[in-house]
2 protein chains.
Amino acid sequence: MSLPHAILTALLEKPSSGLELTRRFDRSIGYFWSATHQQIYRELGKLEQAGQIRALPSEQPARGQKKEYEVLPAGREALSAWVARSEDPKQIRDPLLLRMRAAAVVGAPGLDAELRRHLGLHRRQLAEYLEIEKRDFPPERNLDEDRLRHLVLRGGIDLENFWIGWLTRALAQDGQPSP
Amino acid sequence: MSLPHAILTALLEKPSSGLELTRRFDRSIGYFWSATHQQIYRELGKLEQAGQIRALPSEQPARGQKKEYEVLPAGREALSAWVARSEDPKQIRDPLLLRMRAAAVVGAPGLDAELRRHLGLHRRQLAEYLEIEKRDFPPERNLDEDRLRHLVLRGGIDLENFWIGWLTRALAQDGQPSP
DNA sequence: CGGCGCATGTAACAAGTTACATGATTTG
DNA sequence: CAAATCATGTAACTTGTTACATGCGCCG
């Protein structure tokens, strides 16, 4: 139930075509809800049919032609209703934790290398987030409308820090087996 | 690709029937990879057909009858191969972060209450994990085979701590609007 | 024997993934 | 014009979710 609302949010921030949305999902919004272009086109079709968005009038709406969408009042209302809704946090679902649990049963040759690899990836992602923070939320201007977006980004930063901390401790412990 | 391996791991730890697996997924393994009984039955069927597990011989394998499964050598090999495989960490996918991003666009009445509710839920989950840690991994016996399982649990604990920290900061900031 | 809990399933759907198809526009 | 790129889309499949169906055994 999240993808359509992610799309509505993105379209409210700026009307876009399918491919533009896809690219924006690869950057900002996609950091918290990723989607492929196939998913996005399918969902745009449904939203249009449901009367929540509409294609901006253009010359020739043909196959290889760009098609821009904007949010209709009904779409904005649907998004508001969704924001107000309450929903329990999902269970954790992480292949690496599961893999480690499996390793406890069948043995774990080479798990160390995988942990180190993940550590590197998370460090890189953290650096990227910090870069965005420096660029988009400098300490000078403290606009109220930015506050929520900054909090979301902070969530991503804290989450990467969690992984880095956990992986570091796991590797440290693995280096020196039980005394 | 994770569910079958979660099931193989659980079955190696202890041969079980479908419902028993479901219940164990509600407790230990499910903390990191949840599944409903329908998913589990479907997957047990596939694994059996693939020759990775087999039903223990019983008197009358009828519909309302319990059916226990054990892992065959092929299954153990498949699990080992999966553990050794490397896989990139998934993108974050969290409805609450997305909801907050949407709230930045359409406004956020009542978001505070939702954050407080989540804070409570995460505190409860943390308490549950700490209880399990105290019970299953007391500081006395420091068995090597437990090390990986303890690390997995630590992952869960750290993750809950991340949420608690982030939600607390978000609420504190929301209490005193920008000066 | 009637209802409840245990246990195993089926069916239909929704969401996400992977591979491929097609038309339009630019550019060497 | 051929190739690359932009842009939209189809099809088939896998995974996850929701609702319901069926049989067994126990207990009041």
Side-chain angles (χ1 to χ4, degrees), chain A residues 1-8 10-11 15-26 29-30 32-50 53-56 58-69 82 87-95 98, chain B residues 1-8 11 15-26 29-30 32-50 53-56 58-69 78 82 87-95 98:
Chain A
M1 294 294 298
S2 293
L3 180 57
H5 303 105
I7 291 178
L8 287 172
L11 284 182
S16 312
S17 69
L19 245 239
E20 277 165 5
L21 275 179
T22 304
R23 280 200 266 270
R24 290 174 55 203
F25 268 71
D26 284 344
I29 287 207
F32 312 105
W33 203 274
S34 62
T36 62
H37 81 273
Q38 292 88 340
Q39 269 181 285
I40 288 173
Y41 282 121
R42 178 163 58 182
E43 207 59 45
L44 282 172
K46 284 192 203 167
L47 285 170
E48 186 174 25
Q49 211 172 3
I53 63 175
R54 67 159 187 174
L56 289 180
S58 103
E59 306 78 45
Q60 353 151 25
R63 191 175 175 109
Q65 223 58 28
K66 194 190 268 190
K67 208 160 108 189
E68 289 223 308
Y69 290 94
W82 179 73
E87 191 177 356
D88 284 358
K90 282 255 174 80
Q91 290 279 66
I92 311 166
R93 217 145 216 258
D94 189 90
L98 189 60
Chain B
M1 295 293 298
S2 293
L3 180 57
H5 304 104
I7 291 178
L8 287 173
L11 285 182
S16 312
S17 69
L19 245 240
E20 278 165 4
L21 275 179
T22 303
R23 280 200 266 272
R24 290 173 55 203
F25 268 71
D26 284 343
I29 288 207
F32 313 105
W33 202 275
S34 62
T36 62
H37 80 272
Q38 292 88 340
Q39 268 181 286
I40 289 173
Y41 282 120
R42 179 163 58 183
E43 206 61 43
L44 282 173
K46 285 192 204 168
L47 285 169
E48 187 174 24
Q49 212 173 2
I53 63 175
R54 67 159 188 176
L56 290 180
S58 103
E59 306 78 44
Q60 353 151 27
R63 191 175 176 111
Q65 222 59 27
K66 193 190 266 189
K67 206 159 110 190
E68 290 224 306
Y69 290 95
W82 179 73
E87 192 179 356
D88 284 358
K90 280 254 174 82
Q91 290 278 67
I92 310 166
R93 218 146 216 257
D94 188 90
L98 190 60

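Remember, predicted model here, so these are calculated numbers, not experimental data. A, B, ... follow the sequence lines: proteins, then strands. Residue 1 opens every chain.
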For A/Gly18 and for B/His37, locate the closest nucleotide of DNA chain D by heavy-atom distance; then report the residue assigned to the nucleotide nearer the 5' terminus.
->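 Taking each residue's closest nucleotide, the earlier one in sequence belongs to A/Gly18.
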
Tabulate below the donor-acceptor pairs under 3.5 Å that side-chain atoms of residues 37-49 of chain B make, not counting sequence neighbours, or state none.
residue : atom : partner : partner atom : Å
B/Gln38 : OE1  : B/Thr36 : OG1          : 3.4
B/Gln39 : OE1  : B/Thr36 : N            : 3.4

Would one find a side-chain N or O of A/Lys66 under 4.0 angstrom from OP1 or OP2 of C/dT25?
->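 Answer is no, no contact under 4.0 Å.
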
Does B/Arg54 use its side chain to pair, donor to acceptor, with the backbone of B/Tyr69 at less than 3.5 Å?
->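 It does not hold such a pair.
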
Specify the separation, in whole Å, of atom CD of B/Glu68 and atom C1' of C/dA7.
-> 12 Å

Whole-Å gap separating C1' (C/dA24) and NZ (A/Lys67) = 15 Å

Output all residues satisfying ring pair (Phe, Tyr, Trp, His ring centres under 6.0 Å) with B/Trp33, sequence neighbours left out; order by chain, then residue number.
->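 For B/Trp33 there are no ring pair (Phe, Tyr, Trp, His ring centres under 6.0 Å) partners, ignoring immediate neighbours.
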
Please state how far atom CD1 in A/Ile40 lies from atom P in D/dT10, giving the value in whole angstrom units.
-> 16 Å

Whole angstrom is fine here: how far is it from CD in A/Glu48 over to C1' in D/dT8?
-> 13 Å

Measure the shortest side-chain to side-chain distance between A/Glu68 and A/Glu20 over non-hydrogen atoms and say whether it is less than 4.5 angstrom.
->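 Yes. Closest side-chain heavy atoms under 4.5 Å.
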
Backbone N/O of B/Phe32 and side chain of A/Arg93: donor-acceptor pair under 3.5 Å = no

Comparing B/Leu19 and B/Lys90 on DNA chain C - which has the more 5′ nearest nucleotide |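 Taking each residue's closest nucleotide, the earlier one in sequence belongs to B/Leu19.
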
Selected nucleotide, minimal atom distance to B/Gln38 side chain, candidates C/dT8, D/dA19, D/dT8 |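 So the nucleotide nearest the side chain must be D/dA19.
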
Apply side chain to side chain contact (heavy atoms under 4.5 Å, CB included) to the pair B/Lys67 and B/Ser17, showing each step before the final yes or no.
-> CA-CA 5 Å; B/Lys67 206 159 110 190; B/Ser17 69; 5.6 Å; no

Counting heavy atoms from C-beta on, name the nucleotide in D/dA7, D/dT18, C/dA7 closest to the side chain of B/Tyr41.
->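 The answer is C/dA7.
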
To the side chain of B/Thr36, which of C/dT8, D/dA7, D/dT18 is closest?
-> D/dT18

Atom pairs, N/O to N/O, protein against nucleotides 13-16 of chain D, distance under 3.5 Å?
residue : atom : partner : partner atom : Å
D/dG16  : OP1  : A/Arg93 : NH1          : 2.9
D/dG16  : OP2  : B/Gln39 : NE2          : 3.0
D/dG16  : O5'  : B/Gln39 : NE2          : 3.4
D/dG16  : N7   : B/Arg42 : NH2          : 2.5
D/dG16  : O6   : B/Arg42 : NH1          : 3.4

